[in-house]
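Single-structure report; data block below.
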Amino acid sequence: MGGTPETSTGALPDPDGDVQRVIPLPGPDEQRQPPPGTPQPWANADRAQAVMDGADAPEPPAPPVCPQCGLIGERHPTYYGAHALFEPGLTAPAHMVPAWHRWYVDSNGTAWNSGPEEPAPGAECRVPHRLACPGLTLEEVGLWRWLDALRQENARCAQRQADARRMPGGLPDVS
(Lines give C-alpha, C1' and ligand atoms only; values in the text may rest on other atoms or scores of the structure.)
Protein backbone atom coordinates (compact mmCIF):
# COMPACT_ATOMS: atom_id res chain seq x y z
CA MET A 1 0.00 0.00 0.00
CA GLY A 2 1.67 3.18 -1.15
CA GLY A 3 5.15 1.77 -0.46
CA THR A 4 4.80 1.96 3.33
CA PRO A 5 7.09 -0.65 4.86
CA GLU A 6 5.49 -3.08 7.28
CA THR A 7 6.96 -5.61 9.66
CA SER A 8 5.67 -8.97 10.70
CA THR A 9 4.30 -7.39 13.88
CA GLY A 10 1.92 -5.20 11.88
CA ALA A 11 3.84 -1.92 12.11
CA LEU A 12 1.86 1.21 11.45
CA PRO A 13 3.20 4.45 9.99
CA ASP A 14 3.23 7.36 12.39
CA PRO A 15 2.32 10.92 11.30
CA ASP A 16 5.98 11.71 10.50
CA GLY A 17 6.17 8.81 8.04
CA ASP A 18 8.38 6.64 10.25
CA VAL A 19 7.41 3.08 10.99
CA GLN A 20 6.23 2.49 14.55
CA ARG A 21 6.73 -1.06 15.75
CA VAL A 22 4.00 -2.49 17.95
CA ILE A 23 3.97 -5.49 20.22
CA PRO A 24 0.79 -7.51 20.75
CA LEU A 25 -0.38 -7.71 24.34
CA PRO A 26 -1.50 -11.06 25.67
CA GLY A 27 -5.25 -11.46 25.86
CA PRO A 28 -8.31 -11.95 23.71
CA ASP A 29 -8.68 -8.31 22.69
CA GLU A 30 -5.21 -8.17 21.08
CA GLN A 31 -4.62 -4.55 22.03
CA ARG A 32 -1.29 -3.21 20.81
CA GLN A 33 1.24 -1.03 22.56
CA PRO A 34 4.58 0.51 21.64
CA PRO A 35 7.73 -1.32 22.76
CA PRO A 36 9.46 -0.48 26.05
CA GLY A 37 11.45 2.73 25.94
CA THR A 38 9.06 4.51 23.57
CA PRO A 39 8.44 8.12 24.68
CA GLN A 40 5.18 8.38 26.60
CA PRO A 41 3.84 11.95 26.52
CA TRP A 42 0.95 10.91 28.76
CA ALA A 43 3.23 9.80 31.65
CA ASN A 44 2.75 13.04 33.65
CA ALA A 45 -1.03 12.77 33.28
CA ASP A 46 -0.86 9.14 34.43
CA ARG A 47 1.17 10.10 37.52
CA ALA A 48 -1.31 12.87 38.32
CA GLN A 49 -4.20 10.43 37.93
CA ALA A 50 -2.49 7.96 40.26
CA VAL A 51 -2.07 10.65 42.93
CA MET A 52 -5.67 11.80 42.55
CA ASP A 53 -7.01 8.23 42.75
CA GLY A 54 -4.81 7.25 45.68
CA ALA A 55 -3.01 4.56 43.67
CA ASP A 56 0.10 4.77 45.79
CA ALA A 57 0.88 1.15 46.67
CA PRO A 58 4.52 0.08 46.70
CA GLU A 59 5.61 -1.10 43.27
CA PRO A 60 6.65 -4.73 42.77
CA PRO A 61 8.95 -6.41 43.69
CA ALA A 62 8.48 -4.65 47.05
CA PRO A 63 5.91 -6.41 49.25
CA PRO A 64 2.38 -4.92 49.33
CA VAL A 65 2.86 -3.27 52.71
CA CYS A 66 1.35 0.09 53.58
CA PRO A 67 4.17 2.61 54.20
CA GLN A 68 2.06 4.51 56.76
CA CYS A 69 0.92 1.68 59.05
CA GLY A 70 2.88 -1.44 58.03
CA LEU A 71 -0.19 -3.61 57.33
CA ILE A 72 -0.20 -5.96 54.36
CA GLY A 73 -2.76 -5.23 51.67
CA GLU A 74 -3.85 -6.69 48.36
CA ARG A 75 -2.10 -4.90 45.48
CA HIS A 76 -3.47 -4.59 41.93
CA PRO A 77 -2.03 -2.73 38.92
CA THR A 78 -4.04 0.09 37.36
CA TYR A 79 -4.52 0.85 33.68
CA TYR A 80 -2.10 3.78 33.98
CA GLY A 81 0.84 1.83 35.39
CA ALA A 82 0.49 2.58 39.12
CA HIS A 83 -0.64 0.12 41.79
CA ALA A 84 -3.52 0.37 44.27
CA LEU A 85 -3.55 -1.25 47.70
CA PHE A 86 -6.83 -2.73 48.94
CA GLU A 87 -8.10 -4.25 52.14
CA PRO A 88 -7.45 -7.99 51.66
CA GLY A 89 -10.56 -9.86 50.48
CA LEU A 90 -12.95 -7.04 51.40
CA THR A 91 -15.70 -5.74 49.12
CA ALA A 92 -18.44 -3.32 50.07
CA PRO A 93 -21.68 -2.07 48.53
CA ALA A 94 -20.44 0.67 46.22
CA HIS A 95 -23.02 3.21 47.41
CA MET A 96 -21.50 2.95 50.92
CA VAL A 97 -18.01 3.96 49.70
CA PRO A 98 -17.33 7.66 49.03
CA ALA A 99 -16.88 8.88 45.46
CA TRP A 100 -13.26 8.79 44.24
CA HIS A 101 -12.63 5.81 46.55
CA ARG A 102 -14.71 3.23 44.66
CA TRP A 103 -12.35 0.76 43.02
CA TYR A 104 -13.25 -2.16 40.80
CA VAL A 105 -11.01 -5.00 39.65
CA ASP A 106 -11.48 -6.40 36.14
CA SER A 107 -11.27 -10.11 35.38
CA ASN A 108 -7.64 -9.61 34.32
CA GLY A 109 -6.74 -8.25 37.78
CA THR A 110 -6.46 -4.61 36.73
CA ALA A 111 -7.96 -2.07 39.13
CA TRP A 112 -9.77 1.11 38.11
CA ASN A 113 -11.33 3.96 40.03
CA SER A 114 -14.81 5.12 39.04
CA GLY A 115 -14.13 8.70 40.14
CA PRO A 116 -17.25 10.76 40.84
CA GLU A 117 -19.60 8.42 38.91
CA GLU A 118 -22.58 7.02 40.78
CA PRO A 119 -22.41 3.23 41.13
CA ALA A 120 -24.88 0.92 39.44
CA PRO A 121 -27.61 -0.41 41.76
CA GLY A 122 -26.29 -3.43 43.66
CA ALA A 123 -22.68 -2.86 42.60
CA GLU A 124 -19.87 -3.88 44.94
CA CYS A 125 -16.43 -2.34 44.93
CA ARG A 126 -13.08 -2.93 46.54
CA VAL A 127 -12.19 -0.91 49.63
CA PRO A 128 -8.87 0.91 49.27
CA HIS A 129 -6.57 0.47 52.25
CA ARG A 130 -6.05 4.22 52.59
CA LEU A 131 -9.71 4.58 53.75
CA ALA A 132 -9.05 2.26 56.68
CA CYS A 133 -5.37 3.04 57.27
CA PRO A 134 -4.74 3.98 60.91
CA GLY A 135 -1.61 5.88 59.84
CA LEU A 136 -3.48 8.58 57.86
CA THR A 137 -5.61 11.47 59.06
CA LEU A 138 -8.95 12.25 57.45
CA GLU A 139 -7.36 15.25 55.74
CA GLU A 140 -4.72 12.99 54.18
CA VAL A 141 -7.33 10.50 53.02
CA GLY A 142 -9.36 13.26 51.33
CA LEU A 143 -12.75 11.60 51.76
CA TRP A 144 -14.89 14.45 50.55
CA ARG A 145 -13.09 16.05 47.61
CA TRP A 146 -16.18 17.94 46.51
CA LEU A 147 -16.51 19.42 50.01
CA ASP A 148 -12.79 20.29 50.06
CA ALA A 149 -13.24 22.02 46.69
CA LEU A 150 -16.29 23.88 48.04
CA ARG A 151 -14.31 25.00 51.09
CA GLN A 152 -11.50 26.30 48.86
CA GLU A 153 -13.96 28.21 46.68
CA ASN A 154 -15.65 29.68 49.76
CA ALA A 155 -12.23 30.76 51.07
CA ARG A 156 -11.54 32.53 47.75
CA CYS A 157 -14.96 34.23 47.86
CA ALA A 158 -14.43 35.35 51.45
CA GLN A 159 -11.01 36.77 50.54
CA ARG A 160 -12.44 38.69 47.58
CA GLN A 161 -15.25 40.03 49.77
CA ALA A 162 -12.76 41.16 52.43
CA ASP A 163 -10.58 42.79 49.77
CA ALA A 164 -13.60 44.64 48.34
CA ARG A 165 -14.38 46.13 51.76
CA ARG A 166 -10.85 47.54 52.01
CA MET A 167 -10.99 49.29 48.63
CA PRO A 168 -12.05 52.94 48.57
CA GLY A 169 -15.48 53.77 47.21
CA GLY A 170 -14.11 55.18 43.98
CA LEU A 171 -10.92 55.84 42.15
CA PRO A 172 -9.31 59.24 42.73
CA ASP A 173 -9.70 61.81 39.98
CA VAL A 174 -6.20 62.50 38.72
CA SER A 175 -7.09 64.82 35.83
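Side chains included, hydrogens not; waters and symmetry mates left out as well; all remaining heavy atoms used. Everything numeric in this text was worked out from a predicted model, so none of it was measured. Residue numbers start at 1 and run along the sequence shown.
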All side-chain contact (heavy atoms from CB on, under 4.5 Å) counterparts of Ala132, not counting sequence neighbours: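 Partners of Ala132 under the side-chain contact (heavy atoms from CB on, under 4.5 Å) test: Glu87.
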Restricting to side-chain contact (heavy atoms from CB on, under 4.5 Å), what partner residues turn up for Ala82, sequence neighbours left out?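 Ala82 satisfies side-chain contact (heavy atoms from CB on, under 4.5 Å) with Ala50, Ala55, Thr78, Tyr80 once adjacent residues are dropped.
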Do you see a donor-acceptor pair shorter than 3.5 Å between the side chains of Trp100 and Asn113?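 Per modelled atom types, Trp100 and Asn113 side chains form no pair under 3.5 Å.
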Partners passing ring-ring contact (aromatic ring centres under 6.0 Å, His included) against His83 (at least two apart in sequence or in another chain):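 For His83 there are no ring-ring contact (aromatic ring centres under 6.0 Å, His included) partners, ignoring immediate neighbours.
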How close do [X] and [Y] get, heavy atom to heavy atom, and via which atoms?
X	Y	answer
Pro58	Val65	CG-O, 3.1 Å
Pro88	Gly73	CG-CA, 4.0 Å
Val97	Cys125	CG2-SG, 3.6 Å

Contact between [X] and [Y] at the side-chain level, heavy atoms closer than 4.5 Å - yes or no?
X	Y	result
Val105	Trp112	no
Cys66	Leu85	yes
Pro119	Glu124	no

Pair listing, ring-ring contact (aromatic ring centres under 6.0 Å, His included) test, anchored in residues 45-76, at least two apart: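 Listed once each, the pairs are His76-Phe86.
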Quick one: salt bridge (Lys or Arg N to Asp or Glu O under 4.0 Å) partners of Arg102, sequence neighbours excluded?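 Partners of Arg102 by the salt bridge (Lys or Arg N to Asp or Glu O under 4.0 Å) criterion come out as none, since no residue qualifies.
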Polar side-chain atom of Asp106 near backbone of Asn108 as donor-acceptor pair, under 3.5 Å: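 No, the answer is negative, given that no donor and acceptor are paired below the 3.5 Å cut-off.
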More than 12 heavy atoms of other residues, nucleotides or ligands under 6.0 Å from CG of Leu90: is that the case?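 Yes, CG of Leu90 has more than 12 neighbouring heavy atoms, counting only those of other groups under 6.0 Å.
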Take Trp103 and Asp53 through the side chain to side chain contact (heavy atoms under 4.5 Å, CB included) test and state the conclusion after the steps. CA-CA 9 Å; Trp103 284 86; Asp53 290 347; 3.6 Å; yes
Among residues two or more places apart or on two chains, list those pairs meeting salt bridge (charged side-chain N to carboxylate O under 4.0 Å, His left out) that have a residue in residues 60-76.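 Sorted pair list: Glu74-Arg126.
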